[in-house]
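A short write-up of the structure that comes next.
Here the structure is a predicted model, which means the values were calculated and not measured. If you read the sequence from its start, that first residue is 1, and numbering goes on from there.
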Amino acid sequence: MDWTDPGKMPLKRECLVLLVLSWVSSLRAQDENRVMFSLGTFQNVSVPVNGTVQAVVSRIPADVSFLTLQFHTHHRNVTLSYTPIPLYGFSVTAADAGLLSTLTLSQTTVSWFLKTPDGSSAAGVGVILPYTSADPVPGACNQEFPLEIDPNIYLQYNMFETTITFAPANIGYGRGESPPACDVDMGSSTRWRLVYELYQYFLPEGDLSEQSLISSLERAANVQNVQDNSRKVVSLSSHDRTQFFFSSLPGQGVIFSVIVRDPVLNTSASYIPVHTYACSFNSTLDGCSDLGRVSSKVFFTVIGLAGLLVCFVGHRFFKCELFYMGFCFMAFIFFVLITRTTALEYDIRLALTALMGVVGGVAMVMSWWRFGSVMVCVLVVGLILGFLISSIAFFTPLGDLPIFHNDVVFWVVFACIMVFVPLFFIRWPREGNIFTCGVVGAYAVVLAVNAYTYTSLSYITLDVLKRLLNHNFSRAFISVPLQDIDFIMITVWVVLGVSGIVVQLYREKSRPFFPPSPYVMWKQERERRKTNVLDPSHHKLSLSAQILGRIRQLTQRAEPAGQTTPLLL
């Protein structure tokens, strides 16, 4: 074709324009899928459908020896990779993913690649943190996970506990240098001198929003922010296991962070922080959006309303109090037994628990009605108060002491506190009973509120229940946050409890300590009638004799009286 022909010049120009437009659109598409990062600055990133985003950082200072890129989403998994196509051992997939890149002598630019494993879109926030040759290298002595250097914290959870695991770190080294050996020597010049610190950061209670998570992650991304905003749980040496267990808190956001320190050089580095709500955003059953079951709300609402009555008038209506305490005592024991021995659904177990609670309440009332032993009933009531006080004691930081991670030590101390409380109130049974009504009844109101809005106070008894149901729960840290709603509920608990105790002590001060047993009163009345000849009821036939006499009257034929004459007036 002759392109010098003047008639064909417009066609040539059109082809050139199309080529230029195609090249420009290609560059624009590359720019749209490339995100430039600045060191230490958070950057919002959106991953398109079936697309890959390239994260790039340039102008890296010469004193930086390695970089970590961390990328966080609310709940969607993303794949972070060293290569455009993710390969095993060169990529990681998680909602909180991170990679570590060591630098060569003259390297000033590093890039990574982000995509979603299922090709869907995702949005999150990322940050690149620089470290020098003196800083320890997180996950550089990894022997468990696919990445050669793995700075990630791996998290798993179930309804009882949350497990986090991370790879050991190595001491720092400069650009172009070979990394120090991990396990050849255990001297002070090796990675065995490093120490680790584990931190927790609690999100606002009941707040499952993405905005809250992102702002919280910015407070727990690097070493300084973690120290300033998070709570240190434990410190450990390089000889300890790098696996920890925590009590699961469904619906409560928690961010876990690990800092590795070099005590010789006084330097530190941060692993990739990881978060969890201990629930699933993708599940239609037991998802984060539907944590409160209807059956639980009904059950604890009834318990709370009955507890409110017991709090203020329990001792006055002694039979009602005994039924309530017997219900709680039997229901708790039966729920533990049926959960440990069967695989029934939760709603069925709760219904059977309520049924057995009614049986326990009736048995408690009937035992007092038949035998009239007040001390036995007060002992059972005191055990419930002792259980609650012992649970409160281990809800404090006392419960996280290493010695109480031993089941034998824990249960011995727990039982001693639980038994001591009713023994203490043997000298003052009425006051002990009223005190139990106030404290236990007010706590039942707190549990009823927890069925509708999250409060950490429910874990006072829930942690003990978890320990009874799961043998491995003893190794878990049980610390929970106390936030605004918790302080409000503590105030409600104290006000209700004190008010109920004062009201009942005032109303009962001129009454007998305990109402008499109806059966015992009936027996005493019957004996009195037998021995008191002046009592008209003493000459009255017994009920059985009266019934037999009436039957004889109806069955016997009347005898003829003989001849009769009219009465003369």
Under the side-chain contact (heavy atoms from CB on, under 4.5 Å) test, residues paired with Glu144 that sit two or more places apart: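 For Glu144, the residues satisfying side-chain contact (heavy atoms from CB on, under 4.5 Å) (neighbours in sequence not counted) are Asn142, Thr165.
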Nearest 0.5 Å, please: how far is [atom2] in [Y] from [atom1] in [X]?
X: Leu468; Y: Ile333; atom1: CG; atom2: CD1; answer: 10.0 Å
X: Ser230; Y: Ile259; atom1: OG; atom2: CD1; answer: 8.0 Å
X: Phe71; Y: Leu217; atom1: CZ; atom2: CG; answer: 11.5 Å
X: Leu465; Y: Phe160; atom1: CG; atom2: CZ; answer: 7.5 Å
X: Asn406; Y: Leu401; atom1: CG; atom2: CG; answer: 13.0 Å
X: Met489; Y: Ser456; atom1: CE; atom2: OG; answer: 11.5 Å

Between Arg349 and Thr339, is there a side-chain donor-acceptor contact under 3.5 Å, judged purely by atom types and distance?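 Side-chain D/A pair, Thr339 to Arg349: present.
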With no hydrogens and no angle check, just 3.5 Å: does a side-chain donor-acceptor pair link Thr93 and Asn77?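 No - no donor-acceptor pair under 3.5 Å links their side chains.
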Verify the neighbour count for atom [atom1] of [X]: are there more than 12 heavy atoms of other residues, nucleotides or ligands below 6.0 Å?
X: Asp484; atom1: CG; value: no
X: Phe424; atom1: CZ; value: no
X: His239; atom1: NE2; value: yes

Donor-acceptor pair, side chain of [X] and main chain of [Y], under 3.5 angstrom:
X: Tyr199; Y: Ile255; answer: no
X: Trp493; Y: Val439; answer: yes
X: Thr396; Y: Ala393; answer: yes
X: His74; Y: Gln211; answer: no
X: Asp400; Y: Ile478; answer: yes
X: Ser248; Y: Pro250; answer: no
X: Ser390; Y: Phe414; answer: yes
X: Glu205; Y: Gln252; answer: no
X: Tyr454; Y: Asp207; answer: no
X: Asp150; Y: Gly139; answer: no

Geometric class of the [Y]/[X] ring pair [parallel <30°, tilted 30-60°, perpendicular >60°]:
X: Phe244; Y: Phe166; value: parallel
X: Phe281; Y: Tyr277; value: perpendicular
X: Phe246; Y: Phe256; value: tilted
X: Phe404; Y: Phe394; value: perpendicular
X: Tyr271; Y: Tyr196; value: tilted

Would you check, one step at a time, whether the test side chain to side chain contact (heavy atoms under 4.5 Å, CB included) holds for Asn222 with Ser270? CA-CA 6 Å; Asn222 57 42; Ser270 175; 5.6 Å; no
Test side chain to side chain contact (heavy atoms under 4.5 Å, CB included) on Asn225 and Glu218; report intermediate values, then the result. CA-CA 8 Å; Asn225 288 346; Glu218 294 179 358; 6.0 Å; no
Electrostatic pair Asp228:Arg219 at N-O distance under 4.0 angstrom: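 Looking at Asp228 and Arg219, the cut-off is not met.
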Evaluate Gln504 against Asn433 for side chain to side chain contact (heavy atoms under 4.5 Å, CB included), listing each step before the verdict. CA-CA 10 Å; Gln504 293 200 71; Asn433 186 63; over 6 Å; no
Between Leu352 and Phe334, is the side chain to side chain contact (heavy atoms under 4.5 Å, CB included) condition met? List the steps. CA-CA 9 Å; Leu352 293 175; Phe334 183 77; 3.8 Å; yes
